[in-house]
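Read the structure below first, then the notes.
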Amino acid sequence: MKVISKISQMQAIMKQERMNGRTIGFVPTMGYLHEGHLTLLQRARQENDIVVLSIFVNPTQFGPNEDFDAYPRNFERDEQLAKKAGADYVFYPDVEEMYPRKMSVAVTVTERVNVLCGKQREGHFDGVATVLIKLFHIVTPDRAYFGMKDAQQVAVVDGLVHDYNFPIELVPVETVREKDGLAKSSRNVYLTETEREEAPALYKSLKLAKERIDSGERNPEAILSFMKDYIQTHTSGIIDYIEIYSYPELKEIDTLEGRIIIALAVKFSKARLIDNMTWTV
Ligand code: AMP
């Protein structure tokens with residue numbers, strides 16, 4: 001496994017790999033790897049000749065009051081895990097390498113973005129789209145792997161890949177969870193012991209909501225009010241949002257039918273957790 005921090009070197013190697021007829025699977029991350037990331041890597045390993053992992057805490061997707069500086073980082077540990085998971089290349093640039101000067105062309109995401117995290121985190125998906133355009137050009141993957149834990153990100157990347165004709169297959173991967181149901185996240189380390197005990201209630205609320213819908217409930221408001229009560233009763237977190245939309249369009253729906261997403265974000269003292277479920281009713 002090779003660690004590469006320069007864009008020009010990465011581009012030269014990827015060009016060579018493509019000339020040799022190798023398919024490239026790409027897993028973009030912000031590091032502090034956990035089983036969720038490793039599952040994406042394993043999937044990429046199965047489906048491609050070459051697996052590239054990128055580790056870059058992207059400043060342009062963090063708001064001014066968000067946790068860019070505090071975001072957990074541990075490159076040595078990530079390197080070991082990536083090696084074990086079978087990555088061939090780790091692209092690990094610094095901020096100066098990725099953003100050497102003010103960008104002269106800005107990217108604005110206009111669809112699938114005025115809801116959920118997009119509404120709460122202004123400019124977040126513009127930053128995600130910006131860095132992905134750069135990474136896609138640098139890595140030139142055949143397939144790119146994204147976790148459904150960030151379902152809105154998958155919807156936005158789906159729009160990006162189609163609108164700008166990236167010859168890339170977007171592969172969404174199911175959310176990987178702890179035994180008690182909590183979605184694995186680099187931010188879970190910031191939960192206090194009590195919050196960690198409460199946090200599985202988020203997934204539980206989604207599962208109970210799904211049960212109600214699968215048993216015939218069709219009114220989104222009834223589901224939202226049930227989930228709000230459940231989370232308020234079972235956690236000390238503050239609800240940022242709980243919302244239901246069509247998926248991947250992320251449009252409001254009056255009746256629960258077709259492919260839907262129920263997504264939530266809850267703020268604990270030092271970590272904001274997100275989770276969701278998508279399925280066809
Ligand atoms: P991040 O490092 O948080 O930007 O995540 C990098 C990629 O890993 C994204 O595509 C995430 O959706 C995905 N990911 C993060 N957590 C999980 C999880 N628990 N299960 C599956 N994929 C995940």
Side-chain angles (χ1 to χ4, degrees), residues 25-47 51-63 66-68 70-75 77-79 81-82 85 87 90-93 95 98 112 116-118 121 124-132 134-136 139 141 143-161 168-191 196 199-200 202-203 206 247-248 261 263-265 271-278:
F26 178 40
V27 180
T29 78
M30 299 204 298
Y32 212 73
L33 302 182
H34 53 67
E35 246 177 86
H37 302 113
L38 300 181
T39 303
L40 303 188
L41 278 174
Q42 280 152 14
R43 180 83 186 269
R45 181 72 283 164
Q46 287 161 12
E47 298 175 354
V51 174
V52 179
L53 167 74
S54 66
I55 296 181
F56 180 60
V57 184
N58 174 38
T60 66
Q61 69 191 65
F62 287 79
E66 292 182 5
D67 58 347
F68 174 72
Y71 196 84
R73 295 162 169 90
N74 186 342
F75 183 72
R77 183 173 158 274
D78 286 351
E79 197 179 354
L81 290 171
V90 178
F91 181 50
Y92 180 54
V95 173
M98 288 295 277
R112 305 176 174 186
L116 305 172
C117 287
R121 303 180 67 189
H124 168 70
F125 285 109
D126 296 344
V128 169
T130 302
V131 79
L132 285 176
K134 289 170 77 74
L135 289 169
F136 287 166
V139 177
R143 297 185 190 83
Y145 295 80
F146 290 87
M148 280 301 285
K149 171 162 170 280
D150 301 284
Q152 186 172 20
Q153 176 166 276
V154 171
V156 167
V157 178
D158 173 71
L160 172 69
V161 165
I168 297 174
E169 182 191 340
L170 167 61
V171 185
V173 178
E174 269 314 299
T175 301
V176 178
R177 299 178 179 282
E178 304 286 354
K179 279 201 185 72
D180 59 15
L182 174 63
K184 299 224 179 202
S185 165
S186 307
R187 290 185 168 102
N188 290 350
V189 291
Y190 291 127
L191 295 171
R196 176 63 190 81
L202 307 189
Y203 181 52
L206 287 164
Y247 191 83
I261 180 167
L264 55 83
R272 176 180 174 278
L273 303 187
I274 59 170
D275 204 345
N276 72 81
M277 267 194 189
T278 63

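Counting starts at 1 for both ligands and their atoms, following the listed order. Just so you know, residue 1 is the first one in the sequence shown, and it goes up from there.
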- Task: Could you tell me if the ring centre of Phe56 sits under 6.0 Å from that of Tyr92?
- Result: no
- Task: Kindly write out the residues that satisfy side chain to side chain donor-acceptor pair (under 3.5 Å) with Asn74, not counting sequence neighbours, or none if the list is empty.
- Result: none
- Note on the structure: Residues at least two apart in sequence or cross-chain that pass side chain to side chain donor-acceptor pair (under 3.5 Å) with Asn58, listed by chain then number, are Thr60, Gln61, Tyr99
- Message: Check this for me, if you would: do Asp78 and Arg73 make a salt bridge, where the nitrogen-to-carboxylate-oxygen distance has to be below 4.0 angstrom?
- Response: no
- Task: Using heavy atoms and a cut-off under 4.0 Å, could you grab the residues that are in contact with ligand 1, chain by chain, numbers ascending?
- Result: Pro28, Thr29, Met30, His34, Gly36, His37, Leu40, Tyr71, Phe146, Gly147, Lys149, Asp150, Gln153, Glu174, Thr175, Val176, Lys184
- Which pairs, with at least one residue in residues 30-41 and sequence neighbours excluded, count as a salt bridge (charged side-chain N to carboxylate O under 4.0 Å, His left out)? Glu35-Lys184
- Evaluate the ring planes of Phe136 and Phe26, with Trp represented by its six-membered ring, and classify them as parallel (under 30°), tilted (30 to 60°) or perpendicular (over 60°). perpendicular
